[in-house]
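Remarks on the structure that follows.
We count ligands from 1, going down the list as the structure has it; atoms in each ligand are counted the same way. Counting from 1, the numbers follow the sequence of the chain as shown. Every heavy atom of this structure was used, including side-chain atoms; hydrogens, water molecules and symmetry mates were not. Since the structure is predicted, the reported quantities are computational estimates derived from the model, not experimental observations.
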Amino acid sequence: MEGVDYLADERKKTEFDVEEMKIVWAGSRHTFEVSDRMAKLVANDPVFRKDDRVMLARKDLFKNTLRKATYAWKRINELRLSEEEASKLRSFVDEPAFTDLHWGMFVPAIKGQGTDEQQKKWLPLAYKMQIIGCYAQTELGHGSNVQGLETTATFDPQTDEFVIHSPTLTSSKWWPGGLGKVSTHGVVYARLILDGQEHGIHGFIVQLRSLEDHRPLPGITVADIGMKFGSGAYNTMDNGLLRFDHVRIPRDQMLMRVSQVTRDGKIVQSDVPRQLVYGTMVYVRQTIVQDASIALSRAVCIATRYSAVRRQFGSSNGGPETQVIDYKTQQSRLFPLLASAYAFRFVGEWLKWLYTDVTQRLQANDFSTLPEAHACTAGLKSLTTSVTADGIEESRKLCGGHGYLASSGLPELFAVYVPACTYEGDNTVLMLQVARFLMKTVSQLGSGKPPVGTISYMGRIEQLMQCRCAVKKAGDWLNPNAVLEAFEARAARMSVSCAQKLSKFSNPEEGFAELSADLVEAAVAHCQLIVVSKFFEKLQQDIPGKGVKRQLEVLCGVYSLHLLHKHQGDFLATSYITPKQASLANDQLRELYSQVRPNAIALVDAFNYTDHYLGSILGCYDGNVYPKLYEAAWRDPLNDSVIPDGYEQYIRPLLKQQLRVAKL
Ligand SMILES: Cc1cc2nc3c(=O)[nH]c(=O)nc-3n(C[C@H](O)[C@H](O)[C@H](O)COP(=O)(O)OP(=O)(O)OC[C@H]3O[C@@H](n4cnc5c(N)ncnc54)[C@H](O)[C@@H]3O)c2cc1C
């Protein structure tokens, strides 16, 4: 039945002001209004339809993406949208496309690494999309280890040019999004060679295709790298391969904000500090953390709504069966993910602030907080994307068999999201960077240089090594100080334990390699502490709206206590808590699940996602799941005919025992 809200009873149970929670989730009333307007604009425009995406063959899929991206650009111009509105509109189109790399990597690379003249020359062209750019760093044989890249940029003083060359097969650029079929230009990373001497990896703006007929320029071989994981998903993107055969570019196309090559082929450092480049990295990683909260909240919204619709067992006297959301096992899998989505939203918001703070400090030549900010963004990128990828898959399982249908939206969401664990830094490699920072911090304790920002708890190391948990009853775990101290003591003790083990090795690098798995665990503990503490900080703000703050307190409790329960081995092994206190934490966690239950639907409604954006029959707002699943099945191309194509050729000969004469 159209217009009936099958989740209305659930919505009546809500104990807080959902409209106010929408503002909290969006970050501000202004952001909420912009998002709401852009989401509806996209949802109501048939060009942005995406329910057929998983069934399209690659070429049709790609052409359709080109159409959507170009049409979106047309609408952005027609409606004179601001940068904020345009970026929201693109995100609600919800389809990976060359534009993501153009706006997300190519433009920021020129802004961050180009001189003022270079920015003046290239940015206006990029802003109007008169050129389309990609970010070409990774090679077939080299990804995480950027210093191992093989592409060369050799300066030719005779012609005042760089010669860009791919000396081996493994030096072929491999993966850059937008490169395969669309980009006209790329920021290409290559090994700088001056007078036979190597000078490290630098970025170069290289034109790849003709602006007249789109053909690759002489010396350039470029193509798509082929189908990727899943249907639809990231296959809308033309990730590409690229080889250079002695391609010449003018000297002024090396990005020279930090290092410059002079006319006579000398390298000089500009007065711009090298550390400025890290500012861009902090920016990109904070957007990844924001995206993690969005992807996780989408999956959780689908799983929560469907869990309230789906019923199994427990019928008495012919009454309805039990809603699966009422099973404690379902709650213990689902509600921590719901709480994580909110936790990541708030830590992402804080990272945005951190980026502004870092930028201002860099401009004032203050680099003191940079190592901490760098470690913190690397760690949070790694933590939030890993949890989100696993959380989307868990949400799929929470939807039982129907979660496996493409129309649930979850398989495609997983396939499109999971590479976030790899790009912009492999998650394990990033956690190892955090671990290095932690080990350095521990080694400097007592040197008179107090740890700052998210690592400042290490300044209280003596207290954190000795203190014991004071919890006596389950309710004591609601005290933020008790929870924070538990996470601080665990993180500090794990780091110190690693440092002690490391000190036994005569060669520290060998020790680091040997202990790397333990070091990653210590880094994860540190990053979980950051998320927990930022959630508590959020709760200290003035949060208006009936019952809104109360719900967030419950979610914060769920987030922290589920981590404590899941990692209780760490907390017990570091002797901060006793088995009895671990058990009390779990009792409190169960109690919190009961408090989330009546509000679960409203908590996912607060994300304010349109049915178009969710792209899931199981997650639709009205909960009218079954008729929609039934209708969707009939729309599958296999159901175009009752008798399938291939019946005469294969099924009939099989059934009639005529395989010897069949044309197979
Ligand atoms: C969808 C997608 C889009 C991409 N887009 C772009 C793009 O636009 N531009 C671009 O330049 N690149 C792009 N990339 C490439 C991406 O940045 C790299 O894949 C990424 O940096 C990881 O590098 P890798 O593939 O070499 O992995 P590897 O480093 O080879 O990882 C393989 C395994 O080795 C482990 N490992 C590696 N080093 C260490 C170590 N020191 N210690 C312990 N373990 C280690 C990793 O944890 C992993 O388990 C994209 C990749 C994907 C999947």
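Residues Asn427 and Thr385 bring a donor and an acceptor atom of their side chains to less than 3.5 Å of each other.
Across every non-hydrogen atom of Ser495 and Val442, the tightest pair is CB-CG2, 4.1 Å.
Looking only at side-chain heavy atoms (C-beta outward), Phe204 and Met254 come within less than 4.5 Å of each other.
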Note every protein N or O atom lying under 3.5 Å from an N or O atom of ligand 1, pairing the names and giving the distance.
unit_1: ligand 1; atom_1: 8 (O); unit_2: Gly177; atom_2: N; d: 3.0
unit_1: ligand 1; atom_1: 9 (N); unit_2: Tyr135; atom_2: O; d: 2.8
unit_1: ligand 1; atom_1: 11 (O); unit_2: Tyr135; atom_2: O; d: 3.4
unit_1: ligand 1; atom_1: 11 (O); unit_2: Gln137; atom_2: N; d: 2.9
unit_1: ligand 1; atom_1: 11 (O); unit_2: Thr138; atom_2: N; d: 2.8
unit_1: ligand 1; atom_1: 11 (O); unit_2: Thr138; atom_2: OG1; d: 3.1
unit_1: ligand 1; atom_1: 12 (N); unit_2: Thr138; atom_2: OG1; d: 2.7
unit_1: ligand 1; atom_1: 23 (O); unit_2: Ser144; atom_2: N; d: 3.3
unit_1: ligand 1; atom_1: 23 (O); unit_2: Ser144; atom_2: OG; d: 3.4
unit_1: ligand 1; atom_1: 26 (O); unit_2: Gly143; atom_2: N; d: 3.2
unit_1: ligand 1; atom_1: 26 (O); unit_2: Ser144; atom_2: N; d: 3.3
unit_1: ligand 1; atom_1: 29 (O); unit_2: Ser144; atom_2: OG; d: 2.5
unit_1: ligand 1; atom_1: 47 (O); unit_2: Asp426; atom_2: OD1; d: 3.3
unit_1: ligand 1; atom_1: 47 (O); unit_2: Asp426; atom_2: OD2; d: 2.6

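With Asp224 as the partner, the salt bridge (Lys or Arg N to Asp or Glu O under 4.0 Å) test is satisfied by one option alone out of Arg58, Lys181, Lys59: Arg58.
Residues Glu161 and Arg251 are not paired through a salt bridge, judged by the lack of any N-O separation under 4.0 Å between the basic side chain and the carboxylate.
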With a cut-off of 3.5 Å and sequence neighbours excluded, list every side-chain donor-acceptor pair involving residues 119-132.
unit_1: Gln119; atom_1: NE2; unit_2: Lys111; atom_2: O; d: 3.0
unit_1: Gln119; atom_1: NE2; unit_2: Gly114; atom_2: O; d: 3.1

